[in-house]
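Inspection log for the structure reproduced underneath, given as structure tokens.
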Amino acid sequence: MDTTQPTEPQPLKKSNKLHNVCYDIRGPVLDHAKRLEDEGQRILKLNIGNPAPFGFEAPEEILQDVMRNLPTAQGYCDSKGLYSARKAIMQECQRKQIPNVGIEDIYIGNGVSELIVMAMQALLNDGDEVLIPAPDYPLWTAAAHLSGGHGVHYRCDEQADWAPDIADIRAKVTSRTRAIVIINPNNPTGAVYPPAVVREVLDIAQEHNLVVFSDEIYDKILYDGVEHTATGALADDDQLVITMNGLSKSYRCAGFRSGWMTISGTLAKQRAQDFIQGLTMLASMRLCANVPAQHAIQTALGGYQSINDLILPGGRLLAQRDITIEKLNAIPGVSCVTPKGALYAFPRLDPKVFNIKDDQQLVLDLLLQEKILLVQGTAFNWPEPDHVRIVTLPWADQLGDALDRFANFLSHYRQ
């Protein structure tokens, strides 16, 4: 007879691969917001760039094309994506003057998020390093850690309109550095980098044989006549540039999860065949991206660009950007560089005024008092607890009211 006593079951723990992986845009403070909503309280969510809840709807032409193609979208497609969608993306690359991007150089994914993780997994070995901006879109850092690598953050300079600090980039390249990430237009700062700055980053990448990842999802959301230049259009032919883009923001199709990744640099692609085969393998393992949503791509890229109605004078997005900056800069102790693109503001809270030690506690206190949900700056791998990110998607009057309440909160808040 077996007389051994049954052992107490041990707690089931997450994988060690998830150590140092975080995504606080949907983190612990959001859990508090959901609890408040369950209690019947209304929360103004300025934590995530999700256009639909704020009345930004996808163009009707895109919806109609997706619906009409549903009968033929029931099976898997090519692992890289529908030919018609990739052809439209190829033509978009030509329009943006990214040279020599062919059909086979394009991978369609379930949003750019899936492709970021896929690209990191294909490239990184344990201990490899990726240079990522601070502040960043935190999925880049999380994906690097999840893939066994390490995100090393180069600083962007708030005093220079949040442009990358070139000297800091140079100082952080090591023998383990494999790639550098450029987020342009930037989330969370809204910076749009001048071509000369991007060329300086490309020079460092070329000097050290780094893969360049360029996140350009906000390339059509631009203000004040600012123009965006694709990184791939500025790179030499022997530089491997992987450009990320999609429909979520410019076409208000976030829920479609339709994004893409293009590979440019003709000479560089020849040297990178093994890496590219890895990307293709990972694309095949997930079979394919959502097929119905891929039918939106050709229509979106080839049709009338309705985003222009929103970003030009008289447009909602521009008006909301303007009221946000006006209200923030009127708060004593708060300053905000005017975003030239994207859907966010990243204001600074003067440490001498507010003495913030824990910015997550700050946004939690704001949530509990004013029922407004922001994201703390350290969630974007900014090293000091002196910034927050504000989504500029609500109507201007709603934003104005929320920022007045934020000002009232800060008028007596200290840590």
Side-chain angles (χ1 to χ4, degrees), residues 23-27 29-30 44-56 112-113 132-141 156-158 161-164 181-193 215-224 226 228 244-246 248-250 252 254 307 310-311 315-329 331 334-349 359-360 362-363 366 372-382 386-396 398-400 402-403 406:
Y23 188 77
D24 280 347
I25 293 174
R26 293 190 176 190
V29 180
L30 178 60
L44 179 59
K45 293 180 178 177
L46 304 182
N47 65 313
I48 189 167
N50 187 13
F54 298 102
F56 290 100
V112 168
S113 301
I132 300 171
D136 70 345
Y137 176 59
L139 181 62
W140 282 103
T141 300
C156 294
D157 185 357
E158 190 168 12
D161 289 338
W162 286 113
V181 175
I182 300 172
I183 305 174
N184 179 34
N186 186 268
N187 174 8
T189 66
V192 180
Y193 304 150
D215 185 342
E216 303 180 8
I217 191 74
Y218 298 98
D219 66 338
K220 291 182 173 65
I221 303 179
L222 306 167
Y223 309 113
D224 306 327
V226 169
H228 173 267
M244 308 285 187
N245 216 317
S248 291
K249 312 300 182 178
S250 296
R252 286 82 69 203
I307 188 64
L310 299 169
I311 61 175
R316 263 193 71 184
L317 287 177
L318 178 61
Q320 291 160 195
R321 190 282 309 255
D322 288 346
I323 192 69
T324 302
I325 299 308
E326 176 188 334
K327 291 284 188 179
L328 286 172
N329 283 325
I331 302 173
V334 176
S335 60
C336 190
V337 176
T338 300
K340 297 298 192 298
L343 304 170
Y344 315 100
F346 198 61
R348 179 177 184 268
L349 280 59
D359 56 354
Q360 180 171 293
L362 165 73
V363 297
L366 175 67
I372 297 170
L373 179 60
L374 306 182
V375 184
Q376 67 273 19
T378 54
F380 302 93
N381 292 294
W382 184 247
D386 58 357
H387 285 74
V388 295
R389 191 191 73 166
I390 298 171
V391 171
T392 61
L393 282 169
W395 286 94
Q398 189 179 21
L399 264 176
L403 291 168
F406 184 44

Q: Any chance you could lay out the side-chain contact (heavy atoms from CB on, under 4.5 Å) test for Ile217 and Asn245, step after step, and finish with the verdict?
A: CA-CA 4 Å; Ile217 191 74; Asn245 216 317; 4.1 Å; yes
Any donor-acceptor pair under 3.5 Å linking the side chain of [X] with the backbone of [Y]?
X	Y	result
Asn381	Pro133	no
Lys249	Gly49	yes
Gln360	Gln376	no

Q | Test ring-ring contact (aromatic ring centres under 6.0 Å, His included) applied to Tyr344 - qualifying residues, sequence neighbours left out | A | Tyr218
Q: Identify, with sequence neighbours excluded, every residue that meets ring-ring contact (aromatic ring centres under 6.0 Å, His included) alongside Trp140.
A: Phe213
Q) Quick one: does NZ or CZ of Arg316 land under 6.0 Å from the six-membered ring centre of Phe56, within 45 degrees of the ring axis? A) yes
Q: Go through the structure and list residues passing side chain to side chain donor-acceptor pair (under 3.5 Å) with Ser248, not counting sequence neighbours.
A: Arg257
Q.
Run the side chain to side chain donor-acceptor pair (under 3.5 Å) test against Asp386 and tell me which residues pass, sequence neighbours left out.
A. Trp382
To check you understand the geometry: which heavy-atom pair defines the closest contact between [X] and [Y], and what is its length?
X	Y	result
Asn186	Ala342	O-CB, 3.8 Å
Ser113	Tyr137	OG-OH, 4.3 Å
Val192	Leu222	CG2-CD2, 3.9 Å

Just how far is it from atom [atom1] of [X] to atom [atom2] of [Y], taken to the nearest 0.5 Å?
X	Y	atom1	atom2	result
Leu373	Leu44	CG	CG	8.5 Å
Arg348	Glu158	CZ	CD	6.5 Å
Ile221	Leu310	CD1	CG	8.5 Å
Ile331	Leu349	CD1	CG	8.0 Å
Arg321	Asp224	CZ	CG	4.0 Å
Arg252	Ile307	CZ	CD1	5.0 Å

Q: Taking the side chain as every heavy atom from C-beta outward, state whether Ile372 and Leu46 have any pair of such atoms under 4.5 Å apart.
A: yes
Q. Would you say Val388 and Val375 make side-chain contact, with heavy atoms under 4.5 Å?
A. no
Q | For Asp219, all residues meeting salt bridge (Lys or Arg N to Asp or Glu O under 4.0 Å), sequence neighbours excluded | A | Lys96
Q. In terms of the angle between their ring planes, are Phe346 and His387 parallel, tilted or perpendicular, with boundaries placed at 30° and 60°?
A. parallel
Q | Counterpart residues, side-chain contact (heavy atoms from CB on, under 4.5 Å), relative to Leu403 (two or more places apart) | A | Thr324, Lys327, Leu328, Ile390, Phe406
